[in-house]
Amino acid sequence: MKSCTLALPDAAATEHAGAMLAHALAAGMVVTLAGDLGAGKTTLARGVLRALGWRGPVKSPTYTLVEHYPLSNLYLYHFDFYRFADPSEWETAGLAECFRDDTVCLVEWPERIGELLPQPDLDVALAVPAQ
């Protein structure tokens with residue numbers, strides 16, 4: 001697994017970093033997005049999706065747990081496990097079936113499901129820049 005920590009100054013820089021990440025994605029990849037509330041996890045995901053050609057809305061999946069984006073060359077799932085109080089919720093949510101060889105999975109708050117999450121290919125930590 002590869003890891004990186006990004007301290008990006010604003011939303012535009014965060015979306016640009018997501019666009020750069022999009023070029024490295026391939027089917028079967030799991031990318032975790034870690035960081036405090038407001039660090040830019042969903043903004044990074046928006047940058048990924050825009051670079052891959054998605055023109056519709058990109059919203060945080062905090063309440064839905066997952067947003068699915070069928071792109072022409074792959075299926076992308078954007079997860080947010082912030083509301084999980086216990087890792088065992090992973091099993092009852094039935095989301096394991098989304099982690100396949102033909103999908104890319106972007107996962108916010110991966111620590112909420114612990115060892116149940118498939119091994120990520122890339123771990124991105126977003127730090128809120130000092131003011």
Side-chain angles (χ1 to χ4, degrees):
M1 172 183 62
K2 295 180 182 180
S3 299
C4 68
T5 300
L6 304 173
L8 301 162
D10 55 31
T14 304
E15 280 199 39
H16 179 73
M20 296 298 97
L21 172 60
H23 300 296
L25 297 178
M29 289 183 73
V30 175
V31 178
T32 58
L33 306 174
D36 293 336
L37 285 171
K41 297 177 294 293
T42 298
T43 303
L44 187 84
R46 183 177 300 111
V48 167
L49 285 156
R50 293 286 181 249
L52 293 174
W54 185 259
R55 297 295 165 238
V58 177
K59 58 188 178 192
S60 172
T62 299
Y63 294 102
T64 60
L65 298 181
V66 64
E67 291 289 336
H68 175 231
Y69 298 94
L71 300 160
S72 63
N73 58 343
L74 60 87
Y75 296 102
L76 190 140
Y77 291 96
H78 179 198
F79 297 89
D80 186 328
F81 295 118
Y82 179 74
R83 294 186 311 127
F84 275 26
D86 186 285
S88 66
E89 292 179 70
W90 163 259
E91 294 170 13
T92 59
L95 298 173
E97 64 192 37
C98 297
F99 291 80
R100 305 184 314 258
D101 291 340
D102 64 339
T103 66
V104 170
C105 296
L106 303 178
V107 181
E108 296 187 31
W109 300 97
E111 65 275 14
R112 301 282 176 127
I113 55 173
E115 298 297 319
L116 298 173
L117 181 70
Q119 181 67 34
D121 299 286
L122 176 62
D123 179 38
V124 177
L126 293 168
V128 177
Q131 303 275 330

Could you give the distance from OG1 (Thr32) to CG (Asp121), rounded to the nearest 0.5 Å?
-> 9.5 Å
hydrophobic_cluster_shared for Leu117 and Met29, side chain cutoff 4.5 Å | no
Of all heavy-atom pairs between Ala26 and Val104, which one has the smallest distance, and what is that distance?
-> O-CG2, 3.3 Å
What distance separates Glu91 CD from Ile113 CD1, expressed to the nearest 0.5 Å?
-> 10.5 Å
Closest heavy-atom pair, Ser3 versus Leu122, reported as atoms and distance to 0.1 Å, is N-CD1, 4.3 Å
Measure from the ring center of Phe99 to the ring center of Phe79 and say whether it is less than 6.0 Å.
-> yes
Atom pair CG/CG of Leu106 and Asp80 - distance to nearest 0.5 Å | 11.5 Å
Check the hydrophobic clustering (I, L, V, M, F, W, Y; side-chain heavy atoms under 4.5 Å; chains of links allowed) and say if Tyr77 and Val30 are grouped together.
-> yes
Rounded distance [0.5 Å steps], CG in Leu116 versus CD in Glu89 = 11.0 Å
Judged by atom type as modelled, is there a donor-acceptor pair below 3.5 Å linking the side chain of Thr103 to the main-chain atoms of Cys98?
-> yes
Point-to-point distance, once rounded to the nearest 0.5 Å, from CG of Leu6 to OG1 of Thr14 = 8.0 Å
Give a yes or no on whether Val107 and Val48 share a hydrophobic cluster (residues Ile, Leu, Val, Met, Phe, Trp, Tyr; joining criterion: side-chain heavy atoms under 4.5 Å apart).
-> no
Cluster link Leu21 to Leu52, ILVMFWY, side chain under 4.5 Å = yes
Donor-acceptor pair, side chain of Thr64 and main chain of Val66, under 3.5 angstrom = yes
Would you say Asp101 has more than 12 foreign heavy atoms packed within less than 6.0 Å of its CG?
-> no
Evaluate the ring planes of Phe84 and Phe81, with Trp represented by its six-membered ring, and classify them as parallel (under 30°), tilted (30 to 60°) or perpendicular (over 60°).
-> tilted
Compute the centroid of each ring, for Trp54 and then for Tyr75, and state whether the two points are separated by less than 6.0 Å.
-> no
Which distance, rounded to the nearest 0.5 Å, do you find between the CG of Leu37 and the CD of Glu108?
-> 10.0 Å
Answer yes if Leu74 and Val31 sit in the same cluster of Ile, Leu, Val, Met, Phe, Trp and Tyr residues linked by side chain heavy atoms under 4.5 Å apart, and no otherwise.
-> yes
Hey, does the side chain of Arg112 reach the backbone of Ala85 with a donor-acceptor pair shorter than 3.5 angstrom?
-> no
Polar side-chain atom of Asp36 near backbone of Ala39 as donor-acceptor pair, under 3.5 Å = no
Please report the closest heavy-atom contact between Arg50 and Gly56, naming both atoms and the distance.
-> NH1-O, 2.7 Å
Taking side chain as C-beta onward, heavy atoms only, is Thr62 less than 4.5 Å from Arg83?
-> yes
Is Tyr69 close to His78 at the side-chain level, that is, under 4.5 Å between some pair of heavy atoms?
-> yes
Can you see which heavy atom on Ala127 is nearest to which on Thr5, and at what distance?
-> CB-CG2, 4.5 Å
Check: Lys41 side chain, Ser60 main-chain N or O, donor-acceptor pair, under 3.5 Å = no
